[in-house]
Amino acid sequence: MPELPEVETIKRGLENKIVGKKIRDIIVGNFKIIKSLSKSIFINELKNKVIKKICRRGKYIIIDLYPKKNLVIHLGMTGLLIYPYVENCDEIISGKIKPKHNHVIFNFEDNTKLVFNDVRRFGKVYLVSDMREVESINKLGLEPLEECFSVEAFSHILEKKKKNKIKSLLMKQDIIAGLGNIYVNEILYRANIHPLRQISSLTKEESKKLYLEIKSVLTEAVKFGGSTVADEAYRDTNGEKGKFAKKLQIYARKGELCKKCGNTIEVIKIEGRSTFFCLHCQKL
DNA sequence: AGGGGTACCTGCGGGC
DNA sequence: TGCCCGCAGGTACCCC
């Protein structure tokens, strides 16, 4: 699912709409989604809390509540946050969003609802008093769109991880937080680097180009509200598709012709994930 | 340390 | 038409 641009789009959507609202009650349809607390505690703790602030870290959405608690949401592959959720909006938005996959419903005091819907149920919801309780967030690496992700920081990472294949490295959340399969494919294509290249083989120019493409692909994707590939699940909080999909030049384009050189786009599996590339533009 | 496999889920499209 | 297979934006855990 959602990688950094999609999660950032959802975060911005919620920010404009639910900050300041008070939670009246919660309906949890599937407790397997809820981590780190019993269901009754989860529901009781959330009642009467006010949404104070919304942040993003990697692919996580962090909702600060008052009195102090943090609601942390990871969308997995197919998680969605829909607001405002109204009866039958599933059909209006898209046949893809089925009410039977509404796993958590937040009812606000003004009678509006925020719905967490997730077909495949890989998503996770945590409620904690301290962010340090969410182990996986502690381990996240640099935020690629923040200043901390500088050319120097990136060179330092490459230096430390020389033996990795470049695609494997970019996919690691504990190194750079927020990249996933779509954007890694896209970034490597634009940087003309084969996904299986050993990091130690990258020239200075290639590393620099790669750094710039990470920043520019993500920035542009955020600007376009992320990517909804073909007719897949991702939607923003209003149920709208991400408009960056039509800008994707390599992802899911097996057999099509490379826009730069006209060669046929190939696909291989790397660590179990489909990896698309043009062997002419991205030499091994 | 890095690489591979599997598991967690549902739904869709293709091949037969 | 139906069944089986492989595939899908992620992560965690196991093994070598």
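Protein chains get the first letters and strands the later ones, always in sequence-line order, with residue 1 at the start of each.
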*Can you check the A/Leu170 CG to B/dG2 C1' distance for me, whole Å?*
15 Å
*Between C/dA8, B/dG2, C/dA12, which nucleotide gets closest to the side-chain atoms of A/Lys161?*
B/dG2
*Just call it for A/Tyr251: base, sugar-phosphate, or nothing, with non-hydrogen atoms closer than 4.0 Å on any strand.*
sugar-phosphate
_A/Lys32 vs B/dC9: side-chain N/O to OP1/OP2 distance below 4.0 Å_ = yes
_Minimum-distance nucleotide to A/Arg121 side chain [options: B/dT10, B/dG3, C/dT11]_ = B/dT10
_From C-beta outward on A/Ser274, which listed nucleotide comes closest to its side chain: B/dT10, C/dG10, C/dC7?_
C/dC7
*From the options C/dA8, C/dT11, B/dG11, select the nucleotide whose nearest atom is closest to the side chain of A/Met77.*
C/dA8
*Answer yes or no: does a side-chain N or O of A/His101 lie under 4.0 Å from OP1 or OP2 of B/dG11?*
yes
*For the side chain of A/His74, counting heavy atoms from C-beta on, which of B/dT10, B/dC12, C/dG10 is nearest?*
C/dG10
*In whole angstrom, what separates A/Lys35's NZ from B/dC8's P?*
13 Å
*asked:* Of the options C/dT11, C/dC7, B/dC9, whose atoms approach the side-chain atoms of A/Gln173 most closely?
replied: C/dT11
*Among B/dG2, B/dG4, C/dA12, which nucleotide sits nearest the side chain of A/Glu271?*
B/dG4
*Verify the distance criterion only: is there a donor paired with an acceptor across the side chains of A/Lys167 and A/Asn181 at less than 3.5 Å?*
yes
*asked:* Within 45 degrees of the ring normal and closer than 6.0 Å to the centroid, is that where the cationic atom of A/Lys17 sits relative to A/Tyr83?
replied: no
*Would A/Arg197 and A/Glu206 pass as an ion pair if we require N to O under 4.0 Å?*
yes
*For atom P, what is the distance between B/dT6 and C/dC5, given to the nearest Å?*
15 Å
*Carboxylate-amine/guanidinium contact A/Arg190 A/Glu186, below 4.0 Å*: yes
_Given B/dG2, C/dT11, C/dA8, identify the nucleotide with an atom nearest to the side chain of A/Asn164._
B/dG2
*Counting any heavy atom closer than 4.0 Å, what does A/Thr228 reach on the DNA or RNA strands: base, sugar-phosphate only, or nothing?*
base
*Mind running side-chain hydrogen bond (donor to acceptor under 3.5 Å, both in side chains) on A/Tyr126 and A/Glu135 for me, showing each step along the way?*
CA-CA 11 Å; A/Tyr126 308 78; A/Glu135 195 69 29; over 6 Å; no
*NA contact type, A/Ala233, heavy-atom cut-off 4.0 Å: base, sugar-phosphate, or nothing?*
base
*asked:* Counting only side-chain heavy atoms from C-beta out, which of C/dT11, B/dG11, B/dC9 sits nearest to A/Lys100?
replied: B/dG11
_In whole Å, I'd like the distance from the CG atom of A/Asp174 to the P atom of B/dA1._
11 Å
_Within the supplied structure, the quantity of interest is the number of heavy atoms (other residues, nucleotides, ligands) at a distance under 6.0 Å from A/Phe31 CZ; does it exceed 12?_
yes
*From A/Thr203 OG1 over to A/Lys208 NZ, what is the distance, rounded to the nearest 0.5 angstrom?*
12.0 Å
*Pairing of DNA chain C as dot-bracket, 5' to 3': ( ) intra-strand, [ ] crossing, | other strand, . unpaired, with Watson-Crick or G-U pairs under 3.5 Å?*
.|||||||.|||||||
*Could you check A/Arg120 against A/Lys163 and say which one's nearest nucleotide on DNA chain B is further toward the 5' end?*
A/Lys163
*asked:* From CG of A/Asn181 over to P of C/dC7, roughly how many Å is that when rounded to an integer?
replied: 13 Å
*Most 5' of A/Gly272 and A/Lys162 on DNA chain B, judged by nearest nucleotide*: A/Lys162
*To the nearest Å, give me how far apart CD1 (A/Ile182) and P (C/dC7) are.*
17 Å
_Candidates A/His280, A/Lys209, A/Lys260, A/Glu213 - the one meeting side-chain hydrogen bond (donor to acceptor under 3.5 Å, both in side chains) with A/Asn192_ = A/Lys260
_Would you measure the distance from the P atom in C/dG6 across to the matching atom in B/dG5 and give it in whole Å?_
14 Å
*Does A/Lys124 have a side-chain nitrogen or oxygen under 4.0 Å from the phosphate oxygens OP1 or OP2 of C/dT11?*
no
*Between A/Leu80 (CG) and B/dT10 (P), how many Å, whole number?*
16 Å
_Whole-Å gap separating C1' (C/dT11) and CG (A/Leu75)_ = 13 Å
*So A/Phe149 and A/Tyr211, ring pair (Phe, Tyr, Trp, His ring centres under 6.0 Å) or not? Walk me through it.*
CA-CA 9 Å; A/Phe149 185 65; A/Tyr211 170 81; 5.2 Å; yes
*Hey, is the side chain of A/Lys167 poking within less than 4.0 Å of OP1 or OP2 on B/dG2, counting only N and O atoms?*
no
_Of the listed nucleotides B/dC12, B/dC9, B/dG3, the one nearest the side chain of A/Lys98_ = B/dC12
